[in-house]
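To keep things clear, I will list the structure first and then write my remarks on it.
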Amino acid sequence: MGLRFETRRSDSPWVDTVWTCTSEQVTAMTSVAGARWGLVFWEQAGRTYAGVTGPETRTGTAPVPVPEGATFTGIEFAVGTSLRSVPTPALVDGGIRLPDTTRRTFRLDGARWETPGPDDAEALVDGLVRAGTVVRDLLVAEVLRGHRPAVSRRTVERRFRAATGLTRGVVRQIERARAAAELLAAGDPAPDVVAKLDYFDEPHLARALRSYVGRTVRQLREGGGGAIALDLGQRLTS
């Protein structure tokens with residue numbers, strides 16, 4: 001019972017991960033902070049839905065039950081990409097339900113697209129990029145690769161926030177907390193995670209997990225705390 005995830009990395013520079021999930025008797029779910037926006041498609045009781053999800057800056061508990069037997073396919077886009085028609089800052093801690101969705105197609109940015117399965121995600125994204133529906137700020141991509149662009153720090157921060165809806169510092173904190181959760185769930189000792197991810201100490205790690213993941217170190221090690229919107233069952237595949 002719970003949420004059964006399968007997650008893989010993508011070789012597309014526009015996509016971070018592609019995931020699928022099936023719900024089984026989930027009465028409440030812990031949401032997890034995330035630095036990326038995404039597209040999500042799901043089927044439940046014979047109906048098909050689609051939506052745009054935004055970055056999330058904090059963890060929380062969704063009191064509404066997850067639809068029983070629902071199957072989800074999600075595309076998490078790379079940091080720095082965005083939708084032409086919706087600025088990413090407008091999506092932070094929120095999202096958009098896409099209208100006029102059928103089992104085979106969905107509508108986005110004034111055009112109709114084929115609803116993808118997990119193996120079709122990159123083909124869909126390629127089409128969205130060619131159409132100009134998905135765009136990216138190359139300066140942000142360069143900064144994330146460790147390059148130092150020939151512009152002021154203030155300009156970098158402004159462009160980063162415009163592209164992602166978040167500051168570079170918040171993105172780093174969220175990504176580090178998610179990585180820590182995955183390592184702890186896989187059995188890594190807390191002191192090793194502190195050293196590997198450059199936390200000050202174990203209390204610093206614990207505070208980050210409470211803020212961004214909604215779990216304690218013990219819960220992550222033992223698989224406690226109930227359903228969580230994060231794939232902690234396996235290392236990511238490619």
Side-chain angles (χ1 to χ4, degrees), residues 3-8 10-29 31-57 60-137 162-166 227 229-231:
L3 299 175
R4 296 191 292 110
F5 279 98
E6 290 188 12
T7 308
R8 66 171 175 83
S10 174
D11 57 6
S12 167
W14 298 83
V15 178
D16 182 64
T17 56
V18 178
W19 56 271
T20 60
C21 177
T22 302
S23 64
E24 297 178 349
Q25 298 182 19
V26 178
T27 57
M29 178 186 70
S31 63
V32 177
R36 296 170 172 79
W37 71 280
L39 290 174
V40 62
F41 309 89
W42 69 100
E43 293 186 11
Q44 195 263 331
R47 297 190 63 183
T48 304
Y49 307 87
V52 181
T53 58
E56 296 186 58
T57 59
T61 300
V64 179
V66 177
E68 173 68 16
T71 58
F72 300 82
T73 296
I75 303 171
E76 293 290 313
F77 285 80
V79 173
T81 64
S82 60
L83 276 172
R84 173 178 58 187
S85 58
V86 185
T88 305
L91 294 170
V92 173
D93 292 325
I96 299 171
R97 176 77 67 86
L98 296 177
D100 196 20
T101 299
T102 72
R103 187 178 184 87
R104 294 185 176 182
T105 65
F106 69 101
R107 186 173 294 280
L108 178 65
D109 195 21
R112 185 160 286 285
W113 303 89
E114 290 188 17
T115 302
D119 296 330
D120 308 316
E122 283 81 5
L124 169 64
V125 173
D126 285 347
L128 294 172
V129 171
R130 288 195 301 270
T133 299
V134 173
V135 297
R136 65 178 170 182
D137 188 326
T164 68
L166 308 171
L230 185 64
D231 186 358

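Here the structure is a predicted model, which is why all the values come from computation and not from measurement. Side-chain atoms are counted along with the backbone in the values below, which use heavy atoms only and exclude waters and symmetry mates.
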How long is the straight-line distance from [atom2] of [Y] back to [atom1] of [X], given to the nearest 0.5 Å?
X: S82; Y: D137; atom1: OG; atom2: CG; value: 8.0 Å
X: R107; Y: D100; atom1: CZ; atom2: CG; value: 5.5 Å
X: T53; Y: E76; atom1: OG1; atom2: CD; value: 5.0 Å
X: L166; Y: R36; atom1: CG; atom2: CZ; value: 10.5 Å
X: W37; Y: T81; atom1: CH2; atom2: OG1; value: 5.5 Å

Minimum heavy-atom separation for [X] to [Y], with atom names?
X: P89; Y: A162; result: CD-O, 3.4 Å
X: S31; Y: A229; result: CA-CB, 4.3 Å
X: I75; Y: P116; result: CD1-CG, 4.5 Å

Let's go through L39 and W113 carefully: what are the C-alpha distance in whole Å and the side-chain angles of both, what is the deciding distance for side chain to side chain contact (heavy atoms under 4.5 Å, CB included) to 0.1 Å, and is it a yes or a no?
CA-CA 12 Å; L39 290 174; W113 303 89; over 6 Å; no

Test your reading of the model: is there a side-chain donor-acceptor pair from R8 to the backbone of P118, 3.5 Å cut-off?
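Such a contact is found between R8 side chain and P118 backbone.
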
Under 3.5 Å, side-chain donor or acceptor atoms of residues 128-136 against the rest of the protein: list the pairs with distances, not counting sequence neighbours.
unit_1 : atom_1 : unit_2 : atom_2 : d
T133   : OG1    : D109   : OD2    : 3.4

Can you find a pair of side-chain heavy atoms, one from [X] and one from [Y], that are under 4.5 Å apart?
X: D231; Y: E6; value: no
X: V86; Y: V52; value: no
X: F77; Y: T88; value: no
X: V40; Y: T73; value: no
X: T71; Y: T20; value: no
X: D93; Y: E56; value: yes

For D11, what residues pass the salt bridge (Lys or Arg N to Asp or Glu O under 4.0 Å) criterion, not counting sequence neighbours?
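By the salt bridge (Lys or Arg N to Asp or Glu O under 4.0 Å) rule, D11 matches no residue at all.
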
Sole residue of F41, Y49, W19, F5 in side-chain contact (heavy atoms from CB on, under 4.5 Å) with F72
W19

